[in-house]
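Shown next, in structure tokens, is the structure this report addresses.
FYI, the numbering just counts along the sequence from 1.
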Amino acid sequence: MANEEPRAAITIGEALEVVATIVGNKPVDDSDAAAIQAAEMRATGATSPPIDGIGFQAQSAAMVNARRIYDEEKTTLAEVIGDATEKLESDKPVTVRDAEKVRAAELQGDVDGLESDHTDAPKESVTPGGVAEALATAANINQPPS
């Protein structure tokens, strides 16, 4: 065990790319967009999503997708976050706090996860294999054993 090399921690961008692989054909919705925006802000340390970032692309896709009838016409998660590590301005290893913030955003459908005047009820659960689940798994892997 003493000769084991430390493994590199999983970054937010890498976790997003895993989502693109697992549920990449899923059309982007408001919850996905909020989770992606929150993940991008956690990765970059920004206080709001950059207007040229993947969070903005996800939000735009969700708005357009809501007006489209057929799924094959909708923008998918893979199209938005398939190459997240290249698109992110900066990246960092996923922490438990990052995963918590992204989960809250996905459940509420807003970046802060706390929007009080949101007209829709919060989701009951996160998307299986989605952004919040991927970040939670990455955070658990990254967390050093106690």
Roughly how far, to the nearest 0.5 Å, is the [atom2] atom of [Y] from the [atom1] atom of [X]?
X: E79; Y: T76; atom1: CD; atom2: OG1; result: 3.5 Å
X: E40; Y: I54; atom1: CD; atom2: CD1; result: 5.0 Å
X: L88; Y: E17; atom1: CG; atom2: CD; result: 8.5 Å
X: I36; Y: L77; atom1: CD1; atom2: CG; result: 5.5 Å
X: L16; Y: I10; atom1: CG; atom2: CD1; result: 12.0 Å

Looking only at heavy atoms, which two atoms of [X] and [Y] are closest? And how far apart?
X: A43; Y: S90; result: O-OG, 3.5 Å
X: A34; Y: A105; result: CB-O, 3.5 Å
X: G13; Y: A84; result: O-CB, 3.7 Å
X: A99; Y: A139; result: CB-CB, 4.1 Å
X: G82; Y: A20; result: CA-CB, 3.6 Å
X: P93; Y: A9; result: CB-CB, 3.6 Å

Would a hydrophobic clustering, with Ile, Leu, Val, Met, Phe, Trp and Tyr connected at side-chain separations under 4.5 Å, put V102 with I22?
yes

With a 4.5 Å cut-off on side-chain heavy-atom distances among I, L, V, M, F, W and Y, is there a chain of contacts connecting V23 to I12?
yes

Check: Quick one: do the T137 and N140 side chains pair a donor with an acceptor below 3.5 Å?
Finding: no

Quick note, side chain to side chain donor-acceptor pair (under 3.5 Å) partners involving residues 59-71, not counting sequence neighbours, are D71-K74

Take atom CD of E89 as the centre, draw a 6.0 Å sphere, and report whether it contains more than 12 heavy atoms from other residues, nucleotides or ligands. no

Side-chain touch [X]/[Y], heavy atoms, less than 4.5 angstrom:
X: Q57; Y: K87; result: yes
X: D91; Y: T85; result: yes
X: T127; Y: D32; result: yes
X: V28; Y: V64; result: no
X: R42; Y: R97; result: yes

Only one of D98, V126, V131 passes side-chain contact (heavy atoms from CB on, under 4.5 Å) with R103, and that residue is V126

Return yes if some donor-acceptor pair links the side-chain N/O of [X] with the main-chain N/O of [Y] below 3.5 Å, else return no.
X: E106; Y: S31; value: no
X: K101; Y: M41; value: no
X: N142; Y: V94; value: yes
X: E133; Y: G130; value: no

